[in-house]
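This report refers to the structure that appears directly beneath it.
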Amino acid sequence: MRQNRDFMADPLSLLARRLSPAFAAVAGAEVDPVVRPSEHADAQVNGALALAKTLGKSPRDVVALVLEHAGDMSDVCSDMQVAGPGFVNVVFTDRFLAEQLSLAMRDSLLGVAPVDSKRKFVVDYSAPNVAKEMHVGHLRSTIIGDALVRMLSFVGHEVVRENHIGDWGTPFGMLIEHLVDLGEADAAHELGVGDLDGFYKEARRKFDADDTFKERARTRVVALQGGDEDTLHLWKTLVSESTKYFNHVYGLLDVLLTDDDLAGESKYNTLLPEVVQRLSRLKMLVESDGAEVVFPEGYTNRDGDPLPLIIRKGDGGYNYATTDLACVIDRVEKIGADVSLYVVGAPQAQHLQMIESVSRAAGWLSDNSAMVHVAFGSVLGADRKMLKSRSGDAVKLASLLEEAVDRANRAITEKNPEMADAQREEAARMIGIGAVKYSDLSSDRVKDYVFDWDRMLSFEGNTAPYLQYAHARICSIFRRADIRREAVRTVVPTLDAPQERALTLRLLQFDSALWDALDKYSPHRLCTYLYELASEFTTFYEHCPVLRADSEELRDSRLFLCDSTARIMNAGLSVLGIRAPEMM
RNA sequence: GCCCCCGUAGCUCAGUUGGAUAGAGCAACGGACUUCUAAUCCGCAGGUCGCAGGUUCGACUCCUGCCGGGGGCGCCA
């Protein structure tokens, strides 16, 4: 996945590449030098330990041989010490680090390697339901999906966003009838202002309580599926008013999704009969209990019997499995996707596995098309149970986001009262929304996470405001000195202070941090890096005066480090979908 | 019953694919502001990595079996 190019920002990657031929010569085959960060030096090389076993030599002997083959490394390393059972502790030369950083900062991707072979990704995320409130599950999918889209685009992949909204199915009978009862104008208003939950619940209540209404709903579903013009018109009202509301939330959230990305379930309607035909032709379709199903291998139900994927229900209708299969066909054959990412909650794991299994068996997914479930856990409240509002309903997303901005606004007002209103409000949006997004992105997505306002908006620890604060402080330095950021970008820094060195080393690891996060579709790995960068910077900031440095050369060198940090922080937050205010 | 995910400091979380003495933040304690933004920093503590085996030079990491929590398992999506 990574580009094999001459310039690599990360000194660890570069060291690994430099040592690779030496290891190969000693091992007689290509082996990983296993270069890792170290507590004892800038890096440690562990490859000799594993190699010793296969060669039947002592690790230290292997180290000696490798270093002999490596030859003169003094352009890169000022020290290489063998330690412990056979580690090599490596210290990079200051000059090498400074020049690497200087090169990285001239690079448009700030040292991040672009992809070697560009691939087309379809990212399926967000997926709210029409006429139904967006909840924290959609929040996670939207935030994680959007971050992955940005990260993939940053390194040069082609990315297609797909918002698979729930705009079709049996509930639409009752929703449309409720719309009719309310009158189109009033219903549109209710949905438009975001009272989706009230709308849905009232429809549901009538459906459960009133047999006449229930019958009307059933008739309406038939009319909808039959393409009745009036019904379609009403349905479109529901969809357009809902998407208007979704767009409002997306605007608050500052995500990339637009109407162009909508790929609702209804879009695949015409493909559904074809899914049946194709499966039938392949003799994969089986009749079971009145339904037409496929039995993918290796799945059983609670009685130990084969577990089916239901393609066509007993009543002749289709369900979501059929739509998902149609979706696979569409993505592979029409869009030409190489990789399809499903940013969907962890409980869907089995369903998606079955979809993949059937798709592969049917030949729709070849060996070079990947389907990846980017799973995530639930959002929990302070009580460690699924996050709910006081009334026990799902927490309304829009109000949650407004509360985030409001809380951020209050925090800024308290800490920085002299800030102008307009500026404060802009910063509050970036900080509040950034806090919500970052708290979601910064821990391993597959685990459940605890939603905690005080923690996510704290300026201490691994939070968005802490990272944003580091960025804002840098901007402040340049403002105060009235120096243009671009003016220091040709500097090659001097790295006398340990804090300058540590910061530089960290800056150079943006490349590997981003790729590491991308390889696992785990944005939290990039978050961890940015947090470490912010920590490293604040340490530097405390110990190394910039504007009051002893010489102009030193001042410019430190300004360069500041600018580099701000650029990488900004780029890193940006690919996570988070903005960095210049003042806060 | 079968399958999937999770279990690391009092709390919230990392842990770079098997490397040295398991790291942060919060909370607790002790320090540092006529400041380039103290929204910060420095220090000090805090652990049977759920339990028990196994694999090997080496295991939080891989394998097996338990325990605990969550989730999924035929016509909702």
Side-chain angles (χ1 to χ4, degrees), chain A residues 12 34 36-40 44 46 49-50 52-53 58-59 83-87 89 127 129 166 168-171 265 288-293 298-315 317 319-321 323-324 345-351 353 375 377-378 380 384-386 411-412 414-416 439 442-444 446-450 452 454-455 458-463 465-466 468-470 472-474 476-481 509 512-513 516 519-520 524-525 527-529 531-532 535 538-539 541-549 558 562 583-584:
Chain A
L12 272 62
V34 196
R36 297 284 181 267
S38 176
E39 291 171 32
H40 307 87
Q44 61 186 49
N46 303 336
L49 288 159
K53 188 167 23 180
S58 87
F87 304 105
N89 289 336
N129 292 311
W168 203 253
T170 45
E265 289 169 326
S288 173
D289 293 341
E292 293 183 76
V293 309
Y299 298 89
T300 53
N301 65 16
R302 66 186 91 226
D303 300 321
D305 298 327
L307 186 65
L309 200 58
I310 294 174
I311 304 302
R312 189 186 234 166
K313 300 187 286 187
D315 66 3
N319 71 356
Y320 77 131
T323 309
D324 283 342
Q348 301 270 11
Q350 182 177 264
H351 169 71
Q353 278 167 20
S378 309
L380 308 179
R384 288 227 126 231
K385 296 197 171 135
M386 302 271 277
I412 302 171
E414 188 188 320
K415 305 289 185 187
N416 200 351
S439 85
S442 60
S443 65
D444 190 355
V446 81
K447 298 182 184 179
D448 294 346
Y449 96 98
V450 178
D452 181 338
D454 292 334
R455 191 154 32 82
S458 165
F459 298 89
E460 291 166 340
N462 190 8
T463 67
Y466 179 77
Q468 289 168 323
Y469 181 55
R473 280 174 132 181
I474 295 169
S476 170
I477 291 174
F478 281 91
R479 241 188 342 261
R480 177 167 290 256
Q509 283 159 4
S512 43
D516 185 39
D519 283 342
K520 291 153 186 134
H524 86 279
R525 289 182 170 264
C527 294
T528 302
Y529 165 78
Y531 172 57
E532 286 165 348
S535 300
T538 37
T539 299
Y541 182 89
E542 297 286 334
H543 291 90
C544 303
V546 178
L547 297 179
R548 287 171 309 180
R558 287 177 176 172
C562 286
M583 201 185 285
M584 61 189 275

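In this text the structure is predicted, and so the values were computed from the model without any measurement.
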Worksheet entry | side chain to side chain contact (heavy atoms under 4.5 Å, CB included) between Y529(A) and D516(A), worked out | CA-CA 10 Å; Y529(A) 165 78; D516(A) 185 39; over 6 Å; no
Fill in: Derivation and outcome, side chain to side chain contact (heavy atoms under 4.5 Å, CB included), residues C562(A) and V546(A)
CA-CA 9 Å; C562(A) 286; V546(A) 178; 3.9 Å; yes
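Here A472(A) lies in heavy-atom contact (under 4.0 Å) with a base. Nucleic acid contact class of A375(A) (heavy atoms, under 4.0 Å, all strands): none. Looking at heavy-atom distances under 4.0 Å, A481(A) makes no contact with the nucleic acid at all. If you check every strand for non-hydrogen atoms under 4.0 Å, C544(A) touches a base. Within 4.0 Å (heavy atoms only), P37(A) reaches at least one base atom of the nucleic acid. As judged by a 4.0 angstrom heavy-atom cut-off over every strand, Y541(A) is placed among the base-contacting residues. S443(A) comes within contact range of the sugar-phosphate backbone alone, with a heavy-atom separation under 4.0 Å but no base atom that close.
Ranking rC26(B), rC6(B), rG19(B) by closeness to the K447(A) side chain, first place goes to rC6(B). Considering only side-chain atoms of I477(A), the nucleotide from rA39(B), rC36(B), rG19(B) that sits closest is rC36(B). Of all nucleotides listed (rC36(B), rA14(B), rU40(B)), rC36(B) comes nearest to the side chain of L547(A). Here the side chain of V450(A) is nearest to one of rU37(B), rU40(B), rU12(B), namely rU12(B). Considering only the side chain of A50(A), rG19(B) comes nearest among rG19(B), rA39(B), rA14(B).
A sub-4.0 Å separation between OP1 or OP2 of rC42(B) and a side-chain N or O of H543(A) is absent. Contact annotation: T538(A) side-chain N/O to rC41(B) OP1/OP2 distance is under 4.0 Å. The phosphate of rG23(B) (OP1 or OP2) has no side-chain N or O of Y531(A) nearer than 4.0 angstrom. Taking only side-chain nitrogens and oxygens, R525(A) comes nearer than 4.0 Å to OP1 or OP2 of rU16(B). Between T539(A) and rC42(B), a side-chain N or O to OP1/OP2 separation shorter than 4.0 Å is present. Proximity of S476(A) to the phosphate of rU37(B): a side-chain N or O atom is located under 4.0 Å from OP1 or OP2. Put simply, K520(A) has no side-chain N or O that comes within less than 4.0 Å of OP1 or OP2 on rU16(B).
Going from the P atom of rG25(B) to that of rG46(B) covers 16 Å, rounded to whole Å. Atom name C1', nucleotides rU56(B) and rC4(B): the rounded distance is 30 Å, in whole Å. A gap of 12 Å separates the P atoms of rG10(B) and rC49(B), to the nearest Å. Nucleotides rC51(B) and rU8(B) place their P atoms 10 Å apart, quoted to the nearest Å. Between rU40(B) and rC26(B), the two C1' atoms lie 16 Å apart (nearest whole Å). Here, rG47(B) and rA22(B) have their P atoms 12 Å apart, quoted to the whole Å. Of the P atoms belonging to rU55(B) and rA27(B), the separation is 46 Å, rounded to the nearest Å. The separation of rC5(B) from rU64(B), taken at their P atoms, amounts to 11 Å, rounded to a whole angstrom.
Between K53(A) and A411(A), the residue anchored nearer the 5' end of RNA chain B, judged by the nucleotide with its closest heavy atom, is A411(A). Between F87(A) and K415(A), the residue anchored closer to the 5' end of RNA chain B is F87(A), taking for each the nucleotide with the nearest heavy atom.
Proximity of a side-chain donor or acceptor of D452(A) to a complementary backbone N or O of R455(A) within less than 3.5 Å is detected. Listed for the N416(A) side chain is a donor-acceptor partner under 3.5 Å among the backbone atoms of M584(A).
For Y466(A) and rG25(B), the OH to C1' distance is 10 Å, given to the nearest whole Å.
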Response to the item:
With both pairing distances under 3.5 angstrom for Watson-Crick or G-U wobble, and | for a partner in another strand, the correct string for RNA chain B is (((((((..((((.....[...))))..((((.......))))......(((((..]....))))))))))))....
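For the pair R473(A)/T538(A), a side-chain contact is recorded, criterion being any heavy-atom separation below 4.5 Å from C-beta on.
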Worksheet item: Which nucleotides of nucleotides 70-77 of chain B have their base under 4.0 Å from a protein heavy atom (B), which only their sugar-phosphate (S), and which neither (-), written as one string 5' to 3'?
Response: -SSBBBSB
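Between F87(A) and H40(A), the ring center distance fails the sub-6.0 Å criterion.
No hydrogens or angles were tested; on distance alone, nothing pairs the side chain of E414(A) with the base of rA39(B) as donor and acceptor under 3.5 Å.
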